[in-house]
Amino acid sequence: MTQIYFHEGDLPASVHFSGAVAVDTETMGLELHRDRLCLVQLGDGKGNAHIARFKKGCYDAPNLKALLQDASVLKIFQYARFDVAALYLYLGVVCAPVYCTKVASKIARTNAPSHSLKSLCSSLLGVELEKEQQCSDWGADELSEEQLKYAANDVLYLHALKEKLDALLEREGRAAYARACFDFLPHVGMMDIAGFDCCDVLVH
Ligand code: MN
């Protein structure tokens, strides 16, 4: 049973996550310096999704910042690189430790043609996601039911995906490669914001 909780500006202090929290962000677009952060979604892996919405320029969110920086809580993302950069730029936090289901899939599932959330949910969990709200106006004053449902969906399956992907990484003896990438990801986000392409830095 899915429960969606909407919060304005920050998570309430009463909301706690232990172990691992699924995290996603929605922005006005893909150019982070231009396109502001609008939503941060959090999932507990048990069907509960919390959505924190930010109005333009209002990013003072002490509870959320503390969670994102809490070393005892693993943050699970799909394509962490983008979200980690957005959280760094708008909330000023280096989000760690992180786990990225896309990176895990790229390392564990070299047979797979796609590593999108939609494909991962379909092939690993048998869940078919709808993606039609992806480009909707996340800065709108009133978010629709459909938008909130879509935003919540992006964090509802990440714990289950992690479990499947961890098993595949173990089976193929590739867990150490994935872990090394996860440890590097918070720094990749910082470098993206600073204008460096970390992949380019590593090329001859
Ligand atoms: Mn999303």
Side-chain angles (χ1 to χ4, degrees), residues 2-11 15 17 20-56 59 61 64 67-68 73-91 93 95 98-106 114-125 127-140 142-162 164-165 182 185-186 188-189 192-193:
T2 303
Q3 281 288 352
I4 302 176
Y5 303 91
F6 182 80
H7 311 290
E8 193 66 60
D10 194 8
L11 268 189
V15 177
F17 295 91
V21 60
V23 188
D24 187 36
T25 65
E26 302 300 339
T27 60
M28 290 299 292
L30 297 178
E31 200 57 62
L32 281 176
H33 287 283
R34 180 192 66 191
D35 303 326
R36 67 183 170 92
L37 174 69
C38 298
L39 303 184
V40 175
Q41 307 100 280
L42 304 163
D44 66 357
K46 302 182 188 99
N48 299 303
H50 292 265
I51 301 178
R53 184 262 291 276
F54 301 97
K55 296 240 164 97
K56 192 171 164 61
Y59 296 104
L64 178 59
L67 172 67
L68 295 173
V73 182
L74 180 69
K75 272 66 72 173
I76 312 171
F77 297 90
Q78 162 71 8
Y79 194 47
R81 183 176 180 175
F82 180 84
D83 299 306
V84 160
L87 295 167
Y88 176 66
L89 181 61
Y90 286 93
L91 298 183
V93 295
C95 194
V98 310
Y99 184 103
C100 178
T101 49
K102 186 186 278 283
V103 167
S105 178
K106 282 186 172 182
S114 164
H115 305 281
S116 67
L117 183 63
K118 194 174 167 51
S119 332
L120 290 182
C121 283
S122 173
S123 13
L124 297 176
L125 306 176
V127 170
E128 301 305 327
L129 289 187
E130 293 161 26
K131 293 301 275 183
E132 59 261 21
Q133 297 293 324
Q134 190 157 30
C135 302
S136 69
D137 178 9
W138 296 109
E142 286 288 333
L143 295 170
S144 67
E145 280 299 309
E146 289 68 37
Q147 281 180 300
L148 293 177
K149 252 206 246 151
Y150 167 83
N153 254 335
D154 280 354
V155 292
L156 288 177
Y157 302 103
L158 298 182
H159 287 76
L161 288 176
K162 176 184 181 294
K164 298 279 183 190
L165 289 163
F182 301 152
L185 270 168
V188 176
D192 283 339
I193 293 305

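Counting starts at 1 for both ligands and their atoms, following the listed order.
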What N, O or S atom of Glu26 is found closest to the Mn ion (ligand 1)?
-> OE2

Flag yes if more than 12 heavy atoms outside Lys118 fall under 6.0 Å of its NZ atom; otherwise flag no.
-> yes

What's the atom name of the N, O or S in Asp154 nearest to the Mn ion (ligand 1)?
-> OD2

Does some side-chain heavy atom of Tyr99 sit less than 4.5 Å from a side-chain heavy atom of Leu165?
-> yes

Distance (rounded to the nearest 0.5 Å) between Gln41 CD and Glu26 CD = 4.5 Å

In Asp24, which N, O or S atom comes closest to the Mn ion (ligand 1)?
-> OD2

Passing candidate, side-chain contact (heavy atoms from CB on, under 4.5 Å) with Thr27, options Leu89, Asp83, Leu32, Leu39 = Leu32

